[in-house]
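Heavy atoms only: backbone and side chains are in, while hydrogens, waters and symmetry mates are out.
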Amino acid sequence: MDFSYPKNEKLKSKTTIDLLFSEGKSVSKYPLRLVFVENPYDTEILKFGVSVSKKYFKKAVDRNYYKRVLRECYRLNKHLLLKNVEKNYAIMFFYQTKDRLPYSEIHQKTVVLFEKFIAEIKK
């Protein structure tokens with residue numbers, strides 16, 4: 001298994017991000033939310049981005065910590081997505097609470113959230 005998070009998997013395109021927020025669907029598992037949209041224009045199977053709200057974490061240090069945690073959870077569990085996804089998707093991952101959860105709890109909820117995402121796209 002490849003546990004990398006290369007540059008070509010990072011969601012950076014403004015048009016794709018706009019499409020994500022205008023037409024995307026979402027799944028949630030408190031305190032995480034995953035917004036996704038099918039992305040047929042891209043060659044990469046998954047394009048992935050993370051976001052932590054300034055509303056909940058005023059200090060950039062705290063926001064950056066949770067963004068690192070979310071990226072790490074994705075990196076370690078993206079094999080769940082890759083073996084179940086046939087189409088190309090753009091995905092945005094959000095941390096949506098002011099509660100400071102430990103890494104282990106976020107990791108467990110990420111796995112559950114990815115399973116919900118897989119179930120949603122299989123419909």
Side-chain angles (χ1 to χ4, degrees):
M1 266 183 284
D2 179 26
F3 289 111
S4 65
Y5 182 42
K7 191 173 186 176
N8 59 351
E9 276 184 26
K10 295 180 179 162
L11 179 61
K12 297 193 181 238
S13 166
K14 180 151 176 42
T15 54
T16 306
I17 293 170
D18 290 342
L19 179 71
L20 200 62
F21 287 110
S22 63
E23 298 177 21
K25 298 176 189 160
S26 74
V27 289
S28 298
K29 175 68 179 153
Y30 176 83
L32 305 173
R33 187 166 139 239
L34 196 115
V35 178
F36 62 95
V37 69
E38 194 176 322
N39 189 13
Y41 310 111
D42 218 319
T43 57
E44 251 343 276
I45 291 179
L46 293 175
K47 285 285 193 175
F48 193 83
V50 296
S51 179
V52 178
S53 177
K54 203 174 194 178
K55 175 180 171 184
Y56 299 125
F57 296 102
K58 303 292 184 206
K59 294 181 181 172
V61 173
D62 297 329
R63 287 193 306 276
N64 290 340
Y65 169 77
Y66 281 101
K67 287 194 284 188
R68 278 196 308 274
V69 168
L70 293 177
R71 280 192 293 265
E72 182 69 2
C73 289
Y74 165 72
R75 187 182 71 80
L76 294 175
N77 294 301
K78 74 176 180 180
H79 65 277
L80 298 172
L81 300 176
L82 290 174
K83 67 182 177 186
N84 290 297
V85 172
E86 292 90 33
K87 300 176 184 172
N88 295 350
Y89 284 95
I91 300 172
M92 192 68 133
F93 200 21
F94 296 95
Y95 187 83
Q96 294 190 305
T97 184
K98 60 179 133 193
D99 300 336
R100 296 171 183 268
L101 299 177
Y103 170 79
S104 58
E105 193 172 339
I106 294 171
H107 190 267
Q108 291 168 349
K109 291 183 186 234
T110 300
V111 172
V112 173
L113 184 64
F114 284 175
E115 288 167 354
K116 279 177 90 172
F117 167 70
I118 291 163
E120 183 73 25
I121 62 172
K122 296 276 184 190
K123 286 183 181 176

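- No continuous path of ILVMFWY side-chain contacts below 4.5 Å connects Phe114 to Leu11, so the two sit in separate hydrophobic clusters.
- Ile17 contributes atom CD1, which lies 5.0 Å from atom CE of Met92 (distance to the nearest 0.5 angstrom).
- Ile106 and Val112 are not part of a single hydrophobic cluster, where members link through side-chain heavy atoms under 4.5 Å apart.
- Between the side chain of Lys78 and the backbone N or O of Ser4, at least one donor-acceptor pair lies under 3.5 Å.
- Judged as a salt bridge (Lys or Arg N to Asp or Glu O under 4.0 Å), and not counting sequence neighbours, Asp2 has no contacts.
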Any chance you could lay out the side-chain contact (heavy atoms from CB on, under 4.5 Å) test for Leu113 and Phe117, step after step, and finish with the verdict?
CA-CA 6 Å; Leu113 184 64; Phe117 167 70; 5.8 Å; no
Scan the side chains in residues 31-55 for donor-acceptor partners under 3.5 Å anywhere in the protein, sequence neighbours excluded, and list what turns up.
| from | atom 1 | to | atom 2 | distance (Å) |
| --- | --- | --- | --- | --- |
| Glu44 | OE2 | Asn8 | ND2 | 3.1 |
| Lys47 | NZ | Asn8 | O | 2.8 |
| Ser53 | OG | Lys55 | N | 3.0 |

Would you mind writing out the side-chain donor-acceptor pairs for residues 93-104 within the sub-3.5 Å range, not counting sequence neighbours?
| from | atom 1 | to | atom 2 | distance (Å) |
| --- | --- | --- | --- | --- |
| Tyr95 | OH | Asp99 | O | 2.6 |
| Tyr95 | OH | Leu101 | N | 3.3 |
| Thr97 | OG1 | Tyr30 | OH | 3.0 |
| Thr97 | OG1 | Asp99 | N | 3.2 |
| Thr97 | OG1 | Asp99 | OD2 | 3.3 |
| Asp99 | OD2 | Tyr30 | OH | 2.5 |
| Arg100 | NH2 | Asp62 | OD2 | 3.3 |

List the atom pairs, with distances to 0.1 Å, where a side-chain N or O of residues 68-77 and a protein N or O form a donor-acceptor pair under 3.5 Å, not counting sequence neighbours.
| from | atom 1 | to | atom 2 | distance (Å) |
| --- | --- | --- | --- | --- |
| Glu72 | OE1 | Arg75 | NE | 3.0 |
| Glu72 | OE1 | Arg75 | NH2 | 3.4 |
| Glu72 | OE2 | Arg75 | NH2 | 2.8 |
| Tyr74 | OH | Glu9 | OE1 | 2.9 |
| Arg75 | NH1 | Phe3 | O | 2.6 |
| Asn77 | ND2 | Cys73 | O | 2.9 |
| Asn77 | ND2 | His107 | NE2 | 3.2 |

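- No path of Ile, Leu, Val, Met, Phe, Trp and Tyr side chains, each step under 4.5 Å between heavy atoms, connects Leu19 with Tyr89, placing them in separate hydrophobic clusters.
- Smallest separation of non-hydrogen atoms from Ala90 and Leu20: O-CD1, 3.3 Å.
- The salt bridge (Lys or Arg N to Asp or Glu O under 4.0 Å) check on Lys59 picks up nothing, with sequence neighbours excluded.
- Of the inter-residue distances, the one linking Leu80 atom CG with Thr110 atom OG1 reads 10.5 Å to the nearest 0.5 angstrom.
- Residues forming a side chain to side chain contact (heavy atoms under 4.5 Å, CB included) with Lys122 (at least two apart in sequence, or on another chain): Asn84, Glu86, Ile118.
- Between Tyr65 and Phe57, the distance separating the two ring centers is not shorter than 6.0 angstrom.
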